[in-house]
Chemist: 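Quick one: this structure, given as structure tokens, is what I'll be asking you about.
Order of the sequence lines sets the chain letters (A, B, ...), proteins ahead of strands, with each chain counted from 1. For the numbers below, each heavy atom of this structure counts, side chains included, while hydrogens, waters and symmetry mates do not.
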Amino acid sequence: MSRRLWRNFDFVLLGTTILLIALGVAVIYSSTLGTPDLADLPYRQIIYAVLGLGIMFVVAAIDYRFLESFQKPIYLVTIALPAIVLIIGEITHGAQRWMSARGSVQPSELTKILLIIVLAKYLADHQEDVGRLRYVFLSLLYIIPPMLLIYLQPDLSTAVVLAVIWFVMVLMAGMRLLHLSVLGLAGVLATPLIWVTMKDYMRQRILTFLLPVHDPLGSAYNINQARIAIGSGGWLGRGFAHGSQSQLHFLRVRHTDFTFSVLGEELGFVGALLLIILLIILLWRITRAASMARDTFGYLIACGVAATLAFQAVANIAMNLGLLPTTGIPLPFISYGGSSLITFLIAEGLVQSIVMRYKKIEF
Amino acid sequence: MRRLDPRLRIVIFRVAILLIFLGLVVQLWYLQVVQWQKYLLQADRNRFRLVSIDAPRGIIYDRHGNILVRNKPSFTVTIVPADLPEDEAEREAVFARLSTLLDIPVSRPSQVPSGRVPVALAAPPEFSLQPGIKEMVEQGRGAPFLPVRIATNVEREIAFIIEEEHLDLPGVHVQIEPIRQYISGDLTSHIIGYVGRIPGERAEEYIKRGYDPNSDRVGLTGVELTFEDELRGRKGRKHIEVDVAGREIRTVGEPEPARPGHNLILTIDLELQRAMEGALYQGIKAAGSKAGVAIAMNPQTGEILGMVSLPGYDNNLFAEGISVGDYERLSSDPHHPLVNHAISGLYPPGSTFKIVPAAAALQEGIVTPETQFTCEGILWLPNKYFPDDPEQAQPFYCWIHKWGKHGPINLISGIAQSCDIYFYIVSGGFRDFEGLGLERLAEYAHLFGFGELTGIDLPGENAGLVPTRKWKRLTYSEIWVTGDTYNMAIGQGFLLATPLQILNATAAVANGGTLYRPQIVYQVTDAEGRVLRSFTPEVIRQIPVSQENLALVREGMKAAVEWGTAMNAHIPWVSVAGKTGTAEYFTDENNDGYPDRDRQGNLPTHAWFTAFAPAEDPEIALIVLVEGGGEGSDIAAPIAAQILQHYFPMPSTGAPPEAEATPAPEGQPAPSLPEPIGRPFRAKIVGVDEQETELSQLVGTVVDIKGQGIPGVRISIDAGGAPIFETATNPQGWFSYDMLNASASSRWNVKLIGLPEAEELHLEVEPFKRYTVQFYEVTP
């Protein structure tokens with residue numbers, strides 16, 4: 001059984017992932033060159049990758065359908081993780097998300113996967129009812145508690161990722177286009193309410209994005225420097241570890257939020273295009289798994305993973321290109337960060353688990 | 001609406017992703033391919049900077065090569081706003097730590113300091129209460145990568161602590177900047193001036209001349225200002241690659257080196273300057289005054305040898321960035337220590353002015369040396385409209401009227417005795433005698449340089465005032481009367497002059513009628529010491545007074561020292577010519593709305609003495625002013641004598657003329673000079689007597705082992721360690737000093753110079769005492 005199972009393992013998916021991680025480690029290495037304090041980050045990233053890949057194989061070996069029966073405990077953990085972070089944060093006075101340049105364990109990363117599983121289970125159970133608005137709203141109730149807790153941390157970007165996960169999954173589950181437009185309208189109406197409850201820095205970032213001349217030192221500074229870094233890269237880039245914007249630190253948060261700019265500057269259009277192609281291949285393989293899934297539960301899990309990955313990649317790259325406001329959304333597999341990397345490798349394990357158990361009858 | 005098939009949904013999902021990524025690739029292509037050059041330029045602009053290399057400012061020396069001003073490194077703490085932590089709390093922590101280290105508040109809103117700015121100050125320094133660290137950083141937000149100066153002249157220890165903690169103080173940098181070190185400090189501050197930040201209101205002008213108002217310091221007063229263009233040098237330039245904090249990574253290409261500023265060698269003789277300051281300081285203190293001036297110049301060239309204006313200030317305070325408290329103290333001092341009174345102060349010149357009517361009257365043929373008048377102490381000037389009514393006549397006094405009269409008086413005795421009556425008559429006329437009249441008196445005053453700038457190369461000079469009929473009519477709406485000419489003749493009334501003008505006029509009398517432009521710079525050299533410009537005398541004019549007539553004025557001035565009003569300036573071994581002055585002035589220090597007077601109803605007076613020596617072939621011209629000091633003869637002349645004794649030290653080798661004239665008796669060896677080394681002397685106080693003057697007197701002898709007085713032993717007297725006076729024993733082995741001021745120091749020391757084995761004498765000085773001391777040789 002075991003050997004037959006592994007025959008369907010998606011090696012293209014794995015290979016692409018390893019290529020992406022390798023590219024990421026190289027860029028992290030380059031962006032921490034001039035900073036002795038951060039010199040160990042590329043090696044740490046390698047350790048996280050090895051660890052994450054190990055977990056991925058374990059997850060792949062487990063039948064994803066096994067998770068169906070644990071919907072409730074999983075959901076409890078989904079709520080408990082951000083709640084604990086919030087409580088600890090209250091005790092240590094703010095700074096829940098990034099403790100330092102190195103970062104710390106970020107439980108909300110894991111929340112994404114857990115929520116995908118919970119939502120997939122709910123939508124699979126009610127797949128005949130998704131056409132009814134009532135069930136769309138009921139599914140929304142699942143994501144509101146963890147989203148709210150994460151938003152309060154305050155971590156707007158992860159909360160937005162959760163919303164996107166829900167939105168794509170509900171769509172992929174078969175929501176009606178009419179309901180989509182109703183929801184869209186509701187969203188527009190809710191915008192002022194969200195604006196009022198936002199923290200100052202969030203509003204500042206959005207304002208800076210809309211009016212970049214304002215505040216040269218703050219967020220606009222980073223966006224400008226990122227654009228200069230990418231633009232100066234040209235076709236082939238300025239050479240690995242030779243980007244002046246990166247190496248002379250005009251570019252900030254190089255190893256996390258702005259990794260893509262370092263890559264764009266040093267490896268040029270060709271390098272950035274290579275990254276995008278690798279990401280597209282990755283998404284292709286994951287959606288392939290979705291279409292091959294033997295049941296709706298698996299289909300929706302793969303869709304959720306693809307949605308997360310696609311949204312984070314697009315949001316991060318668009319931010320680097322100055323098309324979206326500055327957010328703390330890391331570029332999957334590239335940006336430095338153990339929590340994010342391991343989470344995505346777990347997600348890939350789930351996808352592998354789905355591909356390995358697809359419907360086609362084996363003889 | 002029908003629900004879509006899952007496979008179709010995946011296709012749509014994939015297409016959507018492809019489209020979105022395509023959009024990103026288009027933007028990527030636009031930035032990296034289409035706009036590549038623009039962003040490459042921007043990246044280069046980020047990392048390459050054209051920076052200037054500061055040129056070391058020129059060094060300033062005295063005429064003998066003593067360094068007066070040099071540059072020294074100082075530590076400046078700056079903050080690069082862009083490098084500060086983004087987190088508010090961390091930023092606050094950096095500010096708080098820096099605040100503790102530098103003793104600057106974290107936050108202090110700006111406020112306008114109180115206190116007045118002296119009007120005569122050539123250039124006010126930067127004048128604002130230092131804001132807090134936050135406010136300073138806030139000012140720099142417009143250019144977040146440029147360092148904002150937080151503190152200058154930081155102590156070395158503090159600078160090292162900041163360097164050590166640089167990991168905890170992101171954005172904080174320590175830079176080494178050269179600042180001026182004024183080695184001679186107070187002693188020469190009015191001559192040298194100081195450098196400082198470019199005053200805000202004059203920034204435009206300086207930018208045109210190539211300065212950076214944010215970082216450059218410029219001369220603000222003194223020769224630092226007048227010779228700014230010589231001293232500043234030329235900045236170099238280099239292209240550097242910098243990181244985000246502006247730290248230099250490397251130099252790109254060949255730097256263009258800076259050319260150091262030129263050095264100045266002043267005409268000032270530092271030792272003479274020191275002697276002048278010491279003598280003047282003691283003198284004004286003894287006179288109960290607070291302010292005074294002494295200037296010495298070479299009358300043959302116009303070189304200024306020394307220039308002291310008291311009270312002074314330490315220009316190092318300005319070089320190091322003056323504190324508000326210090327600046328307030330200096331600028332609100334009623335005696336204006338920041339002002340160089342030698343060239344800026346306007347005073348009635350008093351009787352020192354009489355050399356002008358004397359020379360004028362001779363040249364115009366008003367008088368001959370034989371012309372004689374009679375001084376009765378009072379001159380009754382008849383009323384213009386009632387010339388026959390003695391009741392209406394106006395009295396004009398000679399200074400001597402309180403004690404008597406001068407009787408018959410001529411030009412030489414008129415100058416020597418400073419007889420006012422003589423000069424009233426000569427200048428304003430009396431009865432049938434026609435005097436010079438205002439026009440001719442004013443003309444000669446102008447010829448001698450009054451009422452116009454001397455053109456000395458120092459900023460802030462005043463032209464003074466030589467009044468005219470028109471001036472009086474416009475200013476006072478009154479016509480000019482003979483009495484005004486009388487007053488002007490004795491340097492009173494409307495006439496106002498600077499000490500330098502009187503000195504320059506004196507020098508012209510001394511040198512035979514050439515009025516030189518006073519100069520203070522002897523040479524300009526480049527950094528390698530090559531002479532670029534050397535002193536050349538500049539003649540303002542040849543005064544049209546004949547040599548014979550000037551010789552007569554000199555004779556009168558010599559007579560003043562020999563037997564006239566200036567006998568206190570007599571020095572046995574050099575002939576001095578001089579003119580005293582006691583100039584009444586109006587002041588209202590008690591603010592009662594009336595001019596202050598003493599108990600006898602006399603106005604306060606400035607004590608003047610102007611002189612040159614040797615009288616026959618003048619090497620030095622000297623002027624001393626003690627503001628509100630009293631009589632010129634009592635107060636100013638002794639100070640001048642002390643200074644001249646420094647310039648012409650008593651001949652220390654060979655027996656003095658008297659000893660030569662009377663050879664030592666047979667068999668008795670002439671008193672021999674002490675061997676330079678090895679002769680032990682002991683010191684003792686022989687007696688202490690009471691005397692009437694408050695300043696105590698010291699009289700002493702130096703005797704050899706046989707009890708014979710030793711001539712020519714050099715004596716040094718200091719007050720609590722501060723050298724005050726140097727003299728030498730006379731042919732009989734005596735020496736004396738009559739200005740022991742108990743309030744200057746209670747402990748005075750007397751030393752024999754060049755005799756290391758000699759004991760030092762310590763005196764506990766009390767006022768109203770006369771100390772007799774003896775240094776006596778003992779067997780080794």
Chemist: Identify the heavy atoms of A:Leu171 and B:Arg9 that sit nearest to each other, and give their distance.
Modeler: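 Taking A:Leu171 first and B:Arg9 second, the nearest heavy atoms are O-CD, 3.7 Å.
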
Chemist: Provide the closest heavy-atom pair for B:Ala43 versus A:Arg238 in the form atom of the first, atom of the second, distance.
Modeler: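 That would be CB-NH1, 3.8 Å.
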
Chemist: Chain B contacts: which residues in residues 283-290 of chain A have a non-hydrogen atom closer than 4.5 Å to it?
Modeler: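 Residues A:Leu283, A:Trp284, A:Thr287, A:Arg288, A:Ala290 are the ones that qualify, each having a heavy atom under 4.5 Å from chain B.
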
Chemist: Tell me whether B:Gln32 contacts the main-chain N or O of A:Gly264 through its side chain, where contact means a donor paired with an acceptor under 3.5 Å.
Modeler: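 Here the side-chain-to-backbone pair exists.
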
Chemist: Let me know if B:Glu241 has heavy atoms under 4.5 Å from chain A in its side chain, its backbone, both or neither.
Modeler: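 For B:Glu241, the side chain is the part near chain A, not the backbone.
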
Chemist: Side chain, backbone, both or neither: which part of A:Ala306 has a heavy atom under 4.5 Å from chain B?
Modeler: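 Its backbone and side chain both get close to chain B.
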
Chemist: Which atoms of A:Ile230 come close to chain B, meaning under 4.5 Å heavy atom to heavy atom: side chain ones, backbone ones, both, or neither?
Modeler: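 Contact with chain B: backbone and side chain both.
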
Chemist: Enumerate the residue pairs fulfilling side chain to side chain donor-acceptor pair (under 3.5 Å) with a member in residues 164-174 of chain A, sequence neighbours excluded, ordered by first and then second residue.
Modeler: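 The answer is A:Ser139-A:Trp166.
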
Chemist: Hey, what do you get for CZ (B:Phe48) to OG (A:Ser244), rounding to the nearest 0.5 Å?
Modeler: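 Spacing of CZ (B:Phe48) from OG (A:Ser244) equals 7.5 Å.
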
Chemist: Taking side chain as everything from C-beta outward and backbone as N, CA, C, O, which of these in A:Phe269 sits under 4.5 Å from a heavy atom of chain B? Side chain, backbone, both or neither.
Modeler: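 Both parts, backbone and side chain.
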
Chemist: Can you tell which part of B:Ile20 gets under 4.5 Å to a heavy atom of chain A, answering side chain, backbone, both or neither?
Modeler: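 When you check distances to chain A, only side chain atoms of B:Ile20 fall under 4.5 Å.
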
Chemist: Enter the distance from A:Ile228:CD1 to B:Gln35:CD here, rounded to the nearest 0.5 Å.
Modeler: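 Here the rounded value is 11.5 Å.
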
Chemist: Check A:Arg227 against B:Tyr39 and note the closest heavy-atom contact, atom names and distance.
Modeler: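 Of all heavy-atom pairs spanning A:Arg227 and B:Tyr39, the closest is CD-OH, 3.0 Å.
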
Chemist: Step by step, would you call A:Asn224 with B:Gln42 a side chain to side chain donor-acceptor pair (under 3.5 Å)?
Modeler: CA-CA 10 Å; A:Asn224 272 332; B:Gln42 285 192 17; over 6 Å; no

Chemist: Between the main-chain N or O of A:Leu323 and the side-chain N or O of B:Gln27, is there a donor-acceptor pair closer than 3.5 Å?
Modeler: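 Judged by distance alone, no pair lies under 3.5 Å.
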
Chemist: Taking every heavy-atom pair that is under 4.5 Å apart, which of A:Gly243, A:Ala310, A:Ala272 has the most such pairs with chain B?
Modeler: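 Ranked by contacts with chain B, first place is A:Ala272.
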
Chemist: Against chain A, label B:Arg47 side chain, backbone, both or neither, depending on which of its atoms sit under 4.5 Å from a heavy atom there.
Modeler: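 For B:Arg47, heavy atoms of backbone and side chain both lie under 4.5 Å from chain A.
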
Chemist: Given that the side chain runs from C-beta out, which part of B:Leu24 has a heavy atom under 4.5 Å from chain A: side chain, backbone, both or neither?
Modeler: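 Both parts, backbone and side chain.
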
Chemist: Check whether any side-chain heavy atom of B:Phe13 sits under 4.5 Å from a side-chain heavy atom of A:Cys303, and report yes or no.
Modeler: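 No, every pair of side-chain atoms sits at 4.5 Å or beyond.
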
Chemist: Check whether any side-chain heavy atom of A:Leu321 lies under 4.5 Å from a side-chain heavy atom of B:Tyr30, and answer yes or no.
Modeler: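 No. Closest side-chain heavy atoms not under 4.5 Å.
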
Chemist: Quick one: closest heavy-atom pair of B:Phe21 and A:Ala313, and the distance?
Modeler: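 Result for this residue pair: CZ-CB, 4.1 Å.
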
Chemist: Could you look at B:Leu41 and say if it's the side chain, the backbone, both or neither that has a heavy atom under 4.5 Å from chain A?
Modeler: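 When you check distances to chain A, no heavy atom of B:Leu41 falls under 4.5 Å.
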
Chemist: What residues, two or more places apart in sequence or in another chain, satisfy side-chain contact (heavy atoms from CB on, under 4.5 Å) together with B:His239?
Modeler: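 If we apply the side-chain contact (heavy atoms from CB on, under 4.5 Å) test to B:His239, skipping adjacent residues, the hits are B:Leu50, B:Val252.
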
Chemist: What part of A:Phe260 gets closer than 4.5 Å to chain B, counting heavy atoms only: side chain, backbone, both or neither?
Modeler: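 For A:Phe260, side-chain heavy atoms alone lie under 4.5 Å from chain B.
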
Chemist: More than 12 non-hydrogen atoms from neighbouring residues, nucleotides or ligands closer than 6.0 Å to CD on B:Gln37, yes or no?
Modeler: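 No - once you tally the heavy atoms of other residues, nucleotides and ligands closer than 6.0 Å, there are 12 at most.
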
Chemist: Return the option, out of B:Val25, B:Val34, B:Ile249, with the maximum number of heavy-atom pairs under 4.5 Å with chain A.
Modeler: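 Heavy-atom pairs under 4.5 Å are most numerous for B:Val25.
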
Chemist: Top residue by heavy-atom pair count (under 4.5 Å) with chain B, among A:Ala229, A:Gly237, A:Ser291?
Modeler: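 Ranked by heavy-atom pairs under 4.5 Å with chain B, first place is A:Ser291.
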
Chemist: Just checking heavy atoms, which of residues 153-165 of chain B are less than 4.5 Å from chain A?
Modeler: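 When heavy atoms of chain A are the reference, residues 153-165 of chain B contributes no residue within the under-4.5 Å range.
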
Chemist: So B:Asn46 and A:Leu248, do their side chains get closer than 4.5 Å, heavy atoms only?
Modeler: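 No; the side chains remain at least 4.5 Å from each other.
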
